[in-house]
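Step one of this worksheet: look at the structure below.
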Amino acid sequence: MSASHPLRLGVNIDHVATIRNARGGDHPEPVRAALVAAEAGADGITAHLREDRRHIRDDDLIRLMDKLTIPLNLEMAATDEMLAIALRHKPHAACIVPENRAERTTEGGLNAAGMFNKLADFVGQLKEANIRVSLFIEPDPRQIEAAIRLGAPVVEFHTGQYAEVSGAARETELRRIADAAALAAKNGIEPHAGHGLTFDNVIPIAAIPQLVELNIGHFLIGEAIFGGLGDSIRQMRGLMDDAR
Ligand code: PXP
């Protein structure tokens, strides 16, 4: 991704597709949202092609690959179907996430330690295709250790738990994420973070010095209803930059 910002912002456009799909037509168009996001200061676009295609669809991925001038980070489950799609389209990056059809969103991190053999094959094939692989994991030393052994160049820490709690529990979660980012960086892994980040909770996360990228979606798309997508992204960018 571009080095234009000290902390990169990946804008997740899945929920533009959620709104489009609610009526079955072609509006609002996720690729148009991606172009607006790029214009407003996003360093990359993130899209999750889920097995059930509930938001982003295969044709969106094709158009994103065609039209985007900033890097695309494809979130994908560790399935043979998704691996084949990633190898066919060769996005800049692929983030391997756990996926469960019954969940509303990605509810927890990948059990990289428990899926070692399967992930070793995935990470190897994606790396060989020059796709930057990231593992979406909990900020847990056991998972970082697995990522090191897997040779993953990037990990993304799930900030969902941090976003859900408050007070002392949030401080504890923040410390866990900061410690995990330091441990990953010390071992040569680029740490990213994302999930559930908003204007109200992003600053302490953005202030963690080792973090290189945040991926933010649902809040930005929701906030766009009130002030427009460009403004919601510019405001988030401003908070992230101020935290550094
Ligand atoms: N990062 C990953 C790996 C995700 O799966 C998601 C949600 O799709 C996000 C970041 C963005 O989370 P949110 O939509 O809550 O901002």
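Computed over heavy atoms, backbone and side chain alike; hydrogens, waters and symmetry mates excluded. Keep in mind the model is a prediction, meaning the values are calculated, not measured. Counting convention: from 1, in listed order, for ligands and their atoms alike.
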CD1-CG distance between Ile137 and Leu110, expressed to the nearest 0.5 angstrom: 8.5 Å
Residue-ligand contact Phe136/ligand 1, heavy atom below 4.0 Å: yes
Atoms in ligand 1 with a heavy atom of Val97 nearer than 4.0 Å: 3 (C)
Region of His15 that comes within reach of ligand 1 [heavy atoms, distance under 4.0 Å]: neither
Qualifying residues under ring pair (Phe, Tyr, Trp, His ring centres under 6.0 Å), relative to Phe199, sequence neighbours excluded: Phe219
Result of checking Arg50, Arg88, Arg53 against Glu81 for salt bridge (Lys or Arg N to Asp or Glu O under 4.0 Å): Arg53
Check: His218 N/O within less than 3.5 Å of ligand 1 N/O: yes
Proximal ligand 1 atoms for Glu156, defined as those under 4.0 Å from one of its heavy atoms: 1 (N), 2 (C), 3 (C), 10 (C)
Per-atom contacts of ligand 1 with Asn12, taking only distances under 4.0 Å to non-hydrogen atoms: 8 (O)
Transitive ILVMFWY side-chain link Val154 to Leu150, under 4.5 Å: no
Per-atom contacts of ligand 1 with Ile216, taking only distances under 4.0 Å to non-hydrogen atoms: 16 (O)
Co-members of the apolar cluster containing Ile225 [side chain, <4.5 Å]: Phe226
Euclidean distance, Leu239 CG relative to Leu9 CG, rounded to 0.5 Å: 11.0 Å
Atoms of ligand 1 close to Gly196 [distance to a heavy atom under 4.0 angstrom, numbered from 1]: 12 (O), 13 (P), 15 (O), 16 (O)
